[in-house]
Amino acid sequence: MQAKQKEVDWHLYAEKYDMLLTYNPFYRALQQEVLDLIGTWKIDDGACLLDVGAGTGNYSVFMAGQFPQAQVLHIDNNKAMNARAILKKNARKLPNLEIYQQGIEEVRLQADSVQGMISVHALYAFPDPQEALRKMANWLEPGGLGILIDPGRIVNVVDWQMAIGLRLLSKYGLVKTLKIFREGKPVSQQNQNIRQMQREGKLWTHSTEEFCRAVEQAGFRILESRTCFRGLSDMAIVTKP
Ligand SMILES: C[S@@+](CC[C@H](N)C(=O)[O-])C[C@H]1O[C@@H](n2cnc3c(N)ncnc32)[C@H](O)[C@@H]1O
């Protein structure tokens, strides 16, 4: 009998994804760091901004609210993730947020047409991350800004559960912490699947140096780079010459 192949089930993940926002202090800290960086951008009237692999809209919704003069494209190929983003778009009345249900590999945009772009924790899951980076660099206008973040190392699910569990215990006590873990099971299950796929080489893993090399080879210039998200991920703040 053939063993069942592990896949990331983004639909199941979507159901509980925003628990990360409520209960994972490391996800929240990273999100805040990125929103603070986006908040420093100077964006022209009519500019186009992009969030690639935008998930439930935890960044794209902010961008649309922060820059009502711009058009924000939220690109994600998962219907369940996008459904949550649409709820947020409607609740916040954001006509300038467009949700594209497409894989990055299908998206066609004009060269030099995007003034600011982000991609957070999504590149590793794309079919061809290097080609995706190349497309994104082509879309960015010279002098535009981007924030690229990707988990390069193999995720240690137990270590993450311990780190998050300790924070939750001190905040909520044992009973509520156990309840949160039960409810968040789909998230840790998908992270287990991601770990397995990383180990099998089916998802992109990289060192910080490899990540920076891939970003530069795609045509970006790195203004700043560092690790983030407890050392799991690499961040590059980029522009295009
Ligand atoms: C871990 S989530 C990150 C979501 C969001 N950027 C965040 O940080 O909250 C990864 C997202 O990448 C999306 N994704 C996976 N493959 C994709 C592809 N080929 N094109 C576009 N999005 C994709 C998934 O549907 C999922 O929403």
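Counting begins at 1 with the first residue of the sequence. We count ligands from 1, going down the list as the structure has it; atoms in each ligand are counted the same way.
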(request) Please name the pair of heavy atoms, one in Ser113 and one in Cys48, separated by the smallest distance, quoted to 0.1 Å. (result) O-CB, 3.5 Å

(request) Output, in order, the C-alpha distance, side-chain angles, deciding distance and verdict of salt bridge (Lys or Arg N to Asp or Glu O under 4.0 Å) for Arg134 and Glu131. (result) CA-CA 5 Å; Arg134 199 196 55 71; Glu131 172 59 13; 2.9 Å; yes

(request) Please write down residue, atom name and distance for the protein heavy atom closest to atom 23 (C) of ligand 1. (result) Asn77 OD1, 3.3 Å

(message) Only heavy atoms of Ala54, strictly under 4.0 Å: list the atoms of ligand 1 that pass.
(response) 5 (C)

(request) Run through Asn78, Asn191, Thr56 and flag the one making a side chain to side chain donor-acceptor pair (under 3.5 Å) with Tyr13. (result) Asn191

(request) Record the part of Pro127 in heavy-atom contact with ligand 1 below 4.0 Å; permitted values are side chain, backbone, both and neither. (result) side chain

(request) Compare Val120, Leu21, Asn191 and give the one whose heavy atom is closest to atom 8 (O) of ligand 1. (result) Val120

(request) Select one of side chain, backbone, both or neither to describe which atoms of Tyr124 lie under 4.0 Å from any atom of ligand 1, heavy atoms only. (result) side chain

(message) For atom 10 (C) of ligand 1, what is the closest protein heavy atom, and at what distance to 0.1 Å?
(response) His121 O, 3.4 Å

(message) Just by distance, no angles: are the side chains of Gln192 and Gln196 close enough, under 3.5 Å, to form a donor-acceptor pair?
(response) no

(request) May I ask whether Tyr59 places a heavy atom under 4.0 Å from ligand 1? (result) yes

(request) Answer yes or no: is there an ion pair linking Glu224 with Arg226, defined by an N-O contact shorter than 4.0 Å? (result) yes

(message) For atom 20 (N) of ligand 1, what's the nearest protein heavy-atom neighbour? Residue, atom name and distance, please.
(response) Ile104 N, 2.9 Å

(request) For atom 25 (O) of ligand 1, find the nearest protein heavy atom and state the residue, atom name and distance (0.1 Å precision). (result) Asp76 OD1, 2.7 Å

(message) Could you check whether Asn58 and Asp18, counting side-chain N and O atoms only, form a donor-acceptor pair closer than 3.5 Å?
(response) yes

(message) Quick test: of every protein heavy atom, which one is nearest to atom 9 (O) of ligand 1, and how far off is it to 0.1 Å?
(response) Tyr27 OH, 2.5 Å

(request) Hey, can you tell me if Trp160 and Phe229 have their rings parallel, tilted or perpendicular (30° and 60° cut-offs)? (result) tilted

(message) Please enumerate all residues that pass side chain to side chain contact (heavy atoms under 4.5 Å, CB included) together with Gln130, with sequence neighbours excluded.
(response) Asp128, Ala214, Gln217, Ala218

(request) Could you tell me whether the side chain of Gln31 reaches within less than 4.5 Å of the side chain of Tyr59, counting heavy atoms only? (result) yes

(request) Distance to 0.1 Å, residue and atom name: give those for the protein heavy atom nearest to atom 7 (C) of ligand 1. (result) Tyr17 OH, 3.3 Å

(request) Identify, for atom 19 (N) of ligand 1, the protein heavy atom at the shortest distance, and state residue, atom and that distance. (result) Glu105 OE1, 3.0 Å

(request) Ignoring hydrogens and angles, state whether a donor on the side chain of Gln115 or Asp44 is under 3.5 Å from an acceptor on the partner side chain. (result) yes

(message) I'd like to check which ligand 1 atoms, numbered from 1 as shown, lie under 4.0 Å from a non-hydrogen atom of Asn78.
(response) 25 (O)

(request) Looking only at distances, please establish whether an N/O atom of ligand 1 is found under 3.5 Å from an N/O atom of Gly103. (result) no

(message) Can you classify the ring geometry of Phe211 versus Trp204 as parallel (below 30°), tilted (30 to 60°) or perpendicular (above 60°)?
(response) tilted

(request) Identify, by atom number and element, the atoms of ligand 1 in contact range of Gly55, meaning under 4.0 Å from any of its heavy atoms. (result) 4 (C), 27 (O)

(request) For atom 4 (C) of ligand 1, grab the closest protein heavy atom and report residue, atom and distance to one decimal in Å. (result) Gly53 O, 3.4 Å

(request) Run the numbers for me: atoms of ligand 1, each under 4.0 Å from some heavy atom of Ala122, listed by number. (result) 12 (O)

